[in-house]
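Whatever order the structure lists ligands and atoms in, that order sets their numbers, starting from 1. The figures here come from the full heavy-atom set of this structure, side chains too, leaving out hydrogens, waters and symmetry mates.
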Amino acid sequence: MARLESRLYLLLPLLNYLAKSTGESISECFTGEQKTLRINCGSGYMLRITNTFYGFSNSNTCLFRAGDCTQLEHTPYPCTGRDSCLITVPRSGKRLDNCDKNSTYFQVQYTCEPVIETTDICQSSVLTAQRGYISTPRFPSNYRDNLDCLTRIRVDPSQQINLTVIDMDLEINGTYGCKDWMYAFNQYRSVTLCGLRFNEKLTTLQSNEISIKFQSNELTNKKGFWILYEAWPPLIPTQPSTTERLTVPPQITTSPEVQTTKIAPLITSNTAVSNTKEEKLPFVAIVSSVIGTLTFILIVLLIILVYRWWNDKKDTSYKRKSQDVEYLDTRNPAYRSSTGTEFSGVEIYYNR
Ligand SMILES: *[C@@H]1O[C@H](CO)[C@@H](O)[C@H](O)[C@H]1NC(C)=O
Ligand SMILES: *[C@@H]1O[C@H](CO)[C@@H](O)[C@H](O)[C@H]1NC(C)=O
Ligand SMILES: *[C@@H]1O[C@H](CO)[C@@H](O)[C@H](O)[C@H]1NC(C)=O
């Protein structure tokens, strides 16, 4: 019993890690009464809502279980970025398109992010961390008038920076323009955003160096934005840490002396076997191995071709998908007139 407990204790850090990366869930069933979901991250943390959805439960529970029919909801919540939140649950369920049933519960998934991981865009010039958040000054409170700030993110040249707009509320101009805006660019492309946005990945800027600019005018001020940046793929761990990891597990199972004596003979006998085999290799075997190598090279080339074709296809399908998403609006016409002079080859990206 005591041994089992100590093992569970060892598992705790892992469970903590999983909870942090996948987030927490909170949900309520629809009963016709007004209900609220209360989330409290505590001071020093910022609430990040990763997902909200309606679900139909097959097992009469008020929380998602594998196999449930669900439908995502895309609503920005004003409390995103605060340390606590009160979300009003709709009174009744919504008809779910993909299974033709009325939903029975509403669920919110969230994480609590330490305030210190968020950098004020007006207080920084270059960020080089592998992951972090950038926000407008005073977020989630409103930004001020006449701001013009720029920050640069730079990671290893082998990596790219993934940007996710977790929350955004910037003043718009009519239906198609921006009065306050966020403008992200690398040496080839740019993205100008404003309006209301929520959990939106920006996939058009693939680069290891991205600059983000924020401008506000002297008129209405809104909440601003909160953006996540992540370097990808992860950097390969440095040499010392890998050798440490490799040597630790064998020490736990068997004593080091036994291991070395066991391994040493194995290696020598293996090389001996392969040596004798090589001497006996007939001519036919050599020819067939050459043919085999050529076939292998051909297959690799084919895979590369298919992969590139598939990548091109994916690019275009993303553009199509993003048009379906219903967001407020996007483009800043003021910026469009200045593209040619500031950055050659810039592409303007917008959802509609
Ligand atoms: C399903 O939901 C709709 C509202 O979206 C409601 O009018 C209707 O009564 C519900 N049906 C059932 C069987 O609960
Ligand atoms: C970054 O974006 C790429 C696609 O461009 C994706 O495959 C990858 O999973 C993303 N990584 C992270 C950490 O979001
Ligand atoms: C806002 O839109 C109007 C016309 O719709 C235009 O004249 C004005 O220049 C725009 N302002 C900004 C800041 O883009």
Could you tell me, atom by atom, which parts of ligand 2 come under 4.0 Å of a heavy atom of [X]?
{"X": "Gln206", "result": "5 (O)"}
{"X": "Glu230", "result": "13 (C), 14 (O)"}
{"X": "Gln160", "result": "2 (O), 5 (O)"}
{"X": "Asn162", "result": "1 (C), 2 (O), 3 (C), 8 (C), 10 (C), 11 (N), 12 (C), 14 (O)"}

Tell me whether Asp68 contacts the main-chain N or O of Ser57 through its side chain, where contact means a donor paired with an acceptor under 3.5 Å.
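No, Asp68 side chain to Ser57 backbone: no donor-acceptor pair under 3.5 Å.
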Exam field: side chain Gln159 to backbone Pro233, donor-acceptor pair closer than 3.5 Å:
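Such a contact is found between Gln159 side chain and Pro233 backbone.
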Look only at interatomic distance and state if Asn173 has a nitrogen or oxygen under 3.5 Å from any nitrogen or oxygen of ligand 3.
yes
Does the side chain of Phe214 reach to within under 4.5 Å of the side chain of Tyr143, using non-hydrogen atoms?
yes
Between Phe198 and His74, how do the two ring planes meet: parallel, tilted or perpendicular, split at 30° and 60°?
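Answer is perpendicular, since the angle exceeds 60°.
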In Thr136, Thr164, Asp167, Thr118, the residue satisfying side chain to side chain donor-acceptor pair (under 3.5 Å) with Trp226 is Thr118
